[in-house]
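Presented below is the structure to which this report refers.
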Amino acid sequence: MMNKKKQRVLIIRCGRLGDTVQSSIVLNPLRHSLKNLEIHWLIKTEVAGIFKFEKDITPITLKRTNIPLLLDIKKLKIVFDSYRNPYDLIFNLEVSNKFDYLVKLINAKKKLGRPYDDIPDNRTIQRALHQKKIFDLCQLSYPDSIACPTIKCIPKNILNKRININDPYVVLSPTTSKLIKKNHRGYRNWLLSEWEKLITMLLKQTKYTVFITGEGSDYSKVDYLCGNNQRVINQCGKINLSEFAGLLKYSVCVIGVDSASVHVASAVGAEKIIGIYGPTSIKSSKPFGKKINKVKIVTKNLSCSPCYGTNVIEECKDNVCMKNIKAEEVFNTLMMS
């Protein structure tokens with residue numbers, strides 16, 4: 001019997017790591033509804049490694065997304081290749097018009113999302129569920145229970161050869177892409193002095209090893225948090241994305257602010273996740289809760305929150321929504337969860 005021709009699907013979601021893993025909510029419904037798939041995913045180069053263990057996904061990487069279409073060889077190649085081998089389906093999961101012209105030019109039987117379907121992200125629902133609304137335009141049938149961000153990561157036995165994870169451990173992710181910003185762009189960050197207090201509590205009151213994660217550029221900024229203690233290990237920039245995802249998955253708990261770490265932790269199925277939130281909308285940006293994990297949010301619920309993306313945060317001189325959260329609150333949330 002001849003093999004049935006694969007159905008070719010292109011997913012366009014070319015954002016940062018957190019955006020990408022939240023968009024993975026479409027993968028299980030897609031695989032359930034359409035068999036024998038060949039999935040191409042247009043993705044930022046530095047994020048593509050998160051799909052290392054997704055055997056049916058071929059990343060199409062872009063180092064820069066703002067190059068005009070006619071000057072971008074990779075984008076033009078996608079268009080030309082689509083006329084030799086058309087796509088069956090395109091999902092443009094972007095909320096801006098950045099890839100509208102590319103979608104128009106690609107040869108595909110069906111195209112969903114911008115520029116043909118505009119479903120604005122008004123931050124009233126969880127971000128992954130917004131992506132699901134775009135996917136559901138295709139009207140495919142699937143059990144709603146499988147629609148959740150899902151990423152496969154490195155097996156535990158392989159990761160253990162790279163990092164000793166035999167002892168129970170927690171992962172702290174104190175950084176965001178705006179870690180050193182002192183103005184409103186850095187207001188999602190929690191005080192490093194509170195992270196330091198939290199680590200002290202973990203060392204004194206538990207037997208957990210503490211891993212600190214972040215990008216390579218964060219290493220020197222947070223290394224002092226380790227305090228030369230062998231139970232505190234700075235992994236910023238030392239592991240690849242799949243290893244990072246595995247480190248989160250096999251932990252006792254992942255603790256982070258509104259950044260990629262808590263969303264990756266949700267997608268790989270980490271047991272416990274604690275998010276520390278202030279200016280951003282908890283409703284839209286909290287980690288996606290699943291049956292296999294517990295998600296707890298520590299926040300002050302101030303009347304001025306959420307303010308992210310508004311003129312309120314731009315005029316704010318002191319992000320007390322984050323500064324007033326104390327290490328004791330986060331530690332107690334961990335111990336009670």
Side-chain angles (χ1 to χ4, degrees), residues 3-63 65 74-75 77-79 81-82 84-94 98-99 102-103 106-113 127-132 134-138 140 142-143 146-155 158-159 239-249 260 263-270 288 290:
N3 291 330
K4 187 178 179 181
K5 183 181 178 182
K6 286 190 174 182
Q7 298 186 76
R8 302 181 77 241
V9 177
L10 174 64
I11 296 173
I12 299 175
R13 188 64 172 111
C14 205
R16 298 183 66 85
L17 180 58
D19 300 323
T20 301
V21 295
Q22 292 207 73
S23 298
S24 69
I25 191 172
V26 307
L27 290 175
N28 282 343
L30 185 61
R31 290 161 174 155
H32 176 87
S33 306
L34 302 175
K35 308 301 182 184
N36 201 26
L37 278 175
E38 179 183 337
I39 303 172
H40 291 179
W41 191 304
L42 189 62
I43 192 170
K44 281 190 173 181
T45 302
E46 65 268 25
V47 177
I50 198 66
F51 289 143
K52 181 177 180 179
F53 288 88
E54 303 288 348
K55 300 305 181 184
D56 58 354
I57 297 178
T58 300
I60 303 175
T61 60
L62 290 181
K63 191 168 185 179
T65 60
K74 281 205 167 183
K75 291 178 186 174
K77 186 176 186 304
I78 296 170
V79 175
D81 287 348
S82 73
R84 289 196 297 267
N85 193 1
Y87 285 104
D88 293 287
L89 186 58
I90 294 177
F91 290 104
N92 182 11
L93 302 180
E94 297 286 333
K98 190 180 295 185
F99 294 100
L102 178 64
V103 173
I106 295 174
N107 186 19
K109 295 177 183 177
K110 193 170 185 178
K111 304 176 183 182
L112 299 172
R127 190 68 55 84
L129 294 177
H130 171 265
Q131 304 282 268
K132 179 176 172 291
I134 299 174
F135 174 83
D136 283 340
L137 293 168
C138 64
L140 296 173
Y142 61 89
I146 69 173
C148 55
T150 305
I151 296 290
K152 297 172 185 172
C153 65
I154 188 170
I158 299 177
L159 179 62
I239 50 179
N240 63 39
L241 280 181
S242 184
E243 291 168 340
F244 165 67
L247 188 65
L248 301 181
K249 178 179 175 62
H263 300 298
V264 175
S266 170
V268 297
F288 196 96
K290 302 193 283 190

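- The only option from Leu93, Leu62, Ile106 that meets the side chain to side chain contact (heavy atoms under 4.5 Å, CB included) definition with Phe99 turns out to be Leu62.
- The residues Arg31 and Glu54 are annotated as salt-bridged, a charged nitrogen and a carboxylate oxygen being separated by less than 4.0 angstrom.
- Among all heavy-atom pairs drawn from Ile25 and Ala147, the shortest one is CG1-C, 3.6 Å.
- Taking both residues in full, the closest heavy atoms of Val21 and Ala267 are given as CB-CB, 4.2 Å, listed atom of the first, atom of the second, then distance.
- Across every non-hydrogen atom of Cys153 and Val268, the tightest pair is CB-CG1, 4.3 Å.
- The closest side-chain donor-acceptor pair between Lys98 and Thr65 falls under 3.5 angstrom.
- Distance CZ/Phe244 to NZ/Lys249: 14.5 Å, rounded to 0.5 Å.
- Between the CZ atom of Arg8 and the CG atom of Asn36 there is a distance of 12.5 Å, given to the nearest 0.5 Å.
- Here Lys77 pairs with Asp81 under the salt bridge (charged side-chain N to carboxylate O under 4.0 Å, His left out) rule; sequence neighbours left out.
- Distance check: Gln7 CD to Ser33 OG gives 10.0 Å after rounding to the nearest 0.5 Å.
- Taken to the nearest 0.5 Å, the SG atom of Cys138 stands 7.5 Å off from the CG atom of Leu30.
- Note that OG1 of Thr61 is 10.0 Å distant from CD of Glu46, once rounded to the nearest 0.5 Å.
- Rounding to the nearest 0.5 Å gives a distance of 10.0 Å between CG of Leu37 and CD1 of Ile57.
- Scored by the ring pair (Phe, Tyr, Trp, His ring centres under 6.0 Å) test, Tyr87 finds His40 as partners (sequence neighbours excluded).
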TODO: Please step through side chain to side chain donor-acceptor pair (under 3.5 Å) for the pair Lys290 and Ser266, ending with a clear verdict.
DONE: CA-CA 8 Å; Lys290 302 193 283 190; Ser266 170; 5.1 Å; no

- [ ] Report the C-alpha distance between Lys152 and Ser242 in whole Å, list the side-chain angles of each, state the deciding distance to 0.1 Å, and finish with yes or no for side chain to side chain donor-acceptor pair (under 3.5 Å).
- [x] CA-CA 8 Å; Lys152 297 172 185 172; Ser242 184; over 6 Å; no

TODO: Test side chain to side chain donor-acceptor pair (under 3.5 Å) on Gln131 and Arg13 and set out the steps.
DONE: CA-CA 10 Å; Gln131 304 282 268; Arg13 188 64 172 111; 3.1 Å; yes

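- Each of Ile11, Ile12, Asn92 was scored for a side chain to side chain contact (heavy atoms under 4.5 Å, CB included) with Leu42, with one residue passing: Ile12.
- Using a cutoff of 4.0 Å between basic side-chain nitrogens and carboxylate oxygens, Asp88 and Lys109 are scored as salt-bridged.
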TODO: Determine, step by step, whether Leu140 and Phe135 satisfy the side chain to side chain contact (heavy atoms under 4.5 Å, CB included) criterion, reporting the C-alpha distance in whole Å, the side-chain angles of both residues, the deciding distance to 0.1 Å, and the verdict.
DONE: CA-CA 9 Å; Leu140 296 173; Phe135 174 83; 4.1 Å; yes

